[in-house]
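What follows is a set of notes on a single structure, which appears directly below.
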Amino acid sequence: MYKLDQTKAPIYEALERFKRARIVPFDVPGHKRGRGNPELTAFLGEKCMTVDVNSMKPLDNLCHPVSVIREAEELAADAFGAAHAFLMVGGTTSAVQSMILSVVGEGDKIILPRNVHRSVINSLVLCGAIPVYVNPETDARLGISLGMKLSEVEAAIRENPDAKAVLVNNPTYYGICSNLEAIVALAHARGLYVLADEAHGTHFYFGEGLPVAAMRAGADLASVSMHKSGGSLTQSSFLLCGERMNPEHVRQIINLTQTTSGSYLLLSSLDLSRKNLALHGREIFDKVQRLADYAREEINEIGDYYAYGKELVNGDSIYDFDQTKLSVNTLGVGLAGIEVYDILRDDYDIQVEFGDLGNILAYVSVGDSVQNVERLVAALAEIRRRWGRDGSDLMDHEYISPRVICSPKAAFYAGKESLPLSESAGRVCSEFVMCYPPGIPILAPGEEITDEILHYIAYAKEKGCSLTGPEDMEINYLNVMK
């Protein structure tokens, strides 16, 4: 299956050799293997602190790898079926930014769905590219945005023959997948690059019966959040390249924004997690799918909740569905998703990934057990019994199609003024507003503020969503273009 020896973990092995060498440190970090910060060492452990080290010849250099990091890149590329792989220590945000900056620049057009993570639009602020949105349909029952219809991608390419790239979520936060292989074939036939945000799709490369992974679909670049379903430490990810990309150009782009002081804790966690998935990924994600399927069945037995799955697939806007995603619609219980999220955390000590206006997402991974799932199911049943009510007053959709007035970069750097929310309708927003997680902007720089959007923001605040983005931390004012 693999061309290289996936039992190897070169960064981890180099760190083990380094520890045995007992090098006297006259370099950074200043805690000097933990001795200079006893409280932190007691908290994190001596083993952790002794490998929080700086780049040096035996350990290679993340910005210009020639030995163990280079070998780890080659092993990762082999494991993921990519032409090249980069180890990213700035989170998948950094991977997404590098991916976009590698293919578009000032004034270039990029075709993408509007329900992207804020890191995508942040990238457009940085490089000055112009978004051409393929606005996704919204499922009337669930209130979530779906995937990109192939016909709408084709229309966007036809109407924007100068576009340089197409970006696809694979999958969305909720588990929805577009027809990635067909989009790749369509875009490549017109000379466009295809980028995949696979923040929630690491397992596609290793499990069976899951949606197609971006590299197998022929995408040119993919940002893979290894720390989500892959088991590595938070903030560690991969950026994967297909055959059409020049990897050394991509490395130059990465080095524009990624730290020159790469954390060896993060790098070794990527190295070991890649090894684990290459050797055991099939059985790991088989277990995860079984757990998620069991949870779906049990939750749907409660009544009023709807834990959705592959029955949503329609071959177009929902081309496939990620069965590992335990996405649950709560509107039938009469509660917004964020309300169920808060009750689970505050009353049952259960932390799910997020709650929005109509859904919760419980992230199921190899670290979970049947007992954990049953505790969640029991809590949801009791919440229905204790807090369930008529939900006719609940907002029934998550997505409002925006009107783009100018590029995100132009709006973000333009002259601006701060207005009360109630006075901002009709103006052009110059900052972000979003619920985080999932981090999909309600408003992005360059978009027109409407009464419908303001009502949505007010409703999200009332229900307790964690709104982020604006300079005004209370979200009572918005910055608009002058």
Side-chain angles (χ1 to χ4, degrees), residues 43-45 142 171 173-175 199-204 206-211 225-234 236 269 272-273 275-277 279-312 321-356 358-388 437-438:
F43 176 61
L44 293 180
L142 305 176
Y173 226 133
Y174 303 93
H200 300 277
T202 305
H203 45 293
F204 290 1
F206 302 97
E208 289 193 329
L210 293 168
S225 220
M226 192 68 165
H227 68 92
K228 288 186 171 71
S229 60
S232 66
L233 291 178
T234 296
S236 58
S269 83
L272 287 169
S273 298
K275 172 185 172 182
N276 184 45
L277 293 189
L279 299 179
H280 309 295
R282 183 177 298 180
E283 53 263 42
I284 286 172
F285 294 119
D286 180 62
K287 174 189 173 184
V288 172
Q289 286 187 78
R290 290 199 310 271
L291 274 176
D293 286 340
Y294 171 65
R296 247 187 301 276
E297 291 170 8
E298 293 295 305
I299 291 169
N300 287 333
E301 283 292 317
I302 296 171
D304 295 327
Y305 294 107
Y306 177 30
Y308 36 99
K310 278 189 177 288
E311 71 281 356
L312 296 179
F321 185 83
D322 175 11
Q323 285 286 95
T324 72
K325 294 289 184 294
L326 184 56
S327 302
V328 184
N329 187 265
T330 64
L331 296 178
V333 187
L335 295 170
I338 187 61
E339 292 175 310
V340 174
Y341 170 98
D342 286 338
I343 295 169
L344 283 169
R345 183 194 59 221
D346 297 342
D347 291 68
Y348 295 91
D349 295 327
I350 294 173
Q351 181 67 58
V352 294
E353 174 68 8
F354 77 83
D356 59 30
N359 304 269
I360 59 169
L361 174 67
Y363 217 94
V364 181
S365 79
V366 68
D368 284 308
S369 63
V370 171
Q371 290 78 10
N372 284 352
V373 167
E374 290 176 344
R375 183 174 167 187
L376 172 64
V377 172
L380 289 173
E382 191 167 307
I383 288 170
R384 175 179 178 265
R385 180 177 60 80
R386 292 179 61 189
W387 284 281

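The first residue of the sequence shown is numbered 1, and numbering continues consecutively from there.
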*Specify the closest pair of heavy atoms between Leu291 and Val364, including all atoms of both residues, with the distance to one decimal.*
CB-CG1, 3.9 Å
*In Å and rounded to the nearest 0.5 Å, what is the CD1 to OG distance from Ile284 to Ser365?*
9.5 Å
*How long is the span from the CG atom in Leu272 to the CG atom in Leu277, to the nearest 0.5 Å?*
11.0 Å
*asked:* To the closest 0.5 Å, what do you measure between CG (Asp342) and CD1 (Ile360)?
replied: 11.5 Å
*asked:* Are more than 12 heavy atoms, taken from residues, nucleotides or ligands other than Arg282, located less than 6.0 Å from that residue's CZ atom?
replied: no
*Step-by-step side-chain contact (heavy atoms from CB on, under 4.5 Å) determination, Val340 to Val333*: CA-CA 10 Å; Val340 174; Val333 187; 5.9 Å; no
*asked:* Quick check: closest heavy atoms across Val373 and Ala295, and the distance to 0.1 Å?
replied: CG1-CB, 3.5 Å
_To check you understand the geometry: which heavy-atom pair defines the closest contact between Ser269 and Ser273, and what is its length?_
O-OG, 2.7 Å
*Where the side chain of Thr324 meets the backbone of Val288, is there a donor-acceptor pair that is under 3.5 Å apart?*
no
_Counterpart residues, salt bridge (Lys or Arg N to Asp or Glu O under 4.0 Å), relative to Lys287 (two or more places apart)_ = none
_Once ring pair (Phe, Tyr, Trp, His ring centres under 6.0 Å) is applied, what residue pairs with a partner in residues 327-353 remain, sequence neighbours excluded?_
none
_Using every non-hydrogen atom in the two residues, find where Leu344 and Ala379 come nearest and quote the distance to one decimal._
CD2-CB, 3.7 Å
_Minimum side-chain heavy-atom gap Arg384-Ile302 below 4.5 Å_ = yes
*Would you please name every residue forming a side chain to side chain donor-acceptor pair (under 3.5 Å) with Asp347, sequence neighbours left out?*
none
_Test side chain to side chain donor-acceptor pair (under 3.5 Å) applied to Ser327 - qualifying residues, sequence neighbours left out_ = none
*Taking all non-hydrogen atoms of both residues, which atom of Lys325 and which atom of Tyr174 are closest, and how far apart?*
CB-O, 3.9 Å
*side-chain contact (heavy atoms from CB on, under 4.5 Å) partners of Glu311, counting only residues at least two apart*: Tyr306, Tyr308
_Test side-chain contact (heavy atoms from CB on, under 4.5 Å) applied to Arg385 - qualifying residues, sequence neighbours left out_ = Glu382
_For Tyr173 and His200, take the angle between the two ring planes, folded into 0 to 90°, and tell me which bin it lands in: parallel under 30, tilted 30 to 60, perpendicular over 60._
tilted
*asked:* Enumerate the salt bridge (Lys or Arg N to Asp or Glu O under 4.0 Å) contacts for residues 360-378, please, sequence neighbours excluded, ordered by first and then second residue.
replied: none
*Are the side chains of Phe206 and Leu279 in touch, meaning some heavy atoms are under 4.5 Å apart?*
no
_Testing the basics here: between Asn300 and Ala307, what is the closest heavy-atom pair and its distance to 0.1 Å?_
OD1-N, 2.7 Å
_Residues that Gln323 engages under side-chain contact (heavy atoms from CB on, under 4.5 Å), provided they are two or more places apart_ = Gln289, Asp293, Arg296, Lys310, Phe321
*asked:* Which residues pass the ring pair (Phe, Tyr, Trp, His ring centres under 6.0 Å) test with Phe285, not counting sequence neighbours?
replied: His203
*Please name all residues satisfying side chain to side chain donor-acceptor pair (under 3.5 Å) with Lys228, sequence neighbours left out, ordered by chain then number.*
Ser225
*Could you grab the distance from atom CD1 of Ile343 to atom CZ of Arg386, nearest 0.5 Å is fine?*
8.5 Å
*Kindly write out the residues that satisfy side-chain contact (heavy atoms from CB on, under 4.5 Å) with Ala362, not counting sequence neighbours, or none if the list is empty.*
Leu326, Val352, Leu376
*Roughly how far, to the nearest 0.5 Å, is CG of Asp304 from CG of Leu380?*
12.0 Å
*How would you list, by chain and number, every residue that makes a side chain to side chain donor-acceptor pair (under 3.5 Å) with Asn329, sequence neighbours excluded?*
Asn359
_Value rounded to 0.5 Å, distance of CG in Asp322 from OG in Ser229_ = 8.0 Å
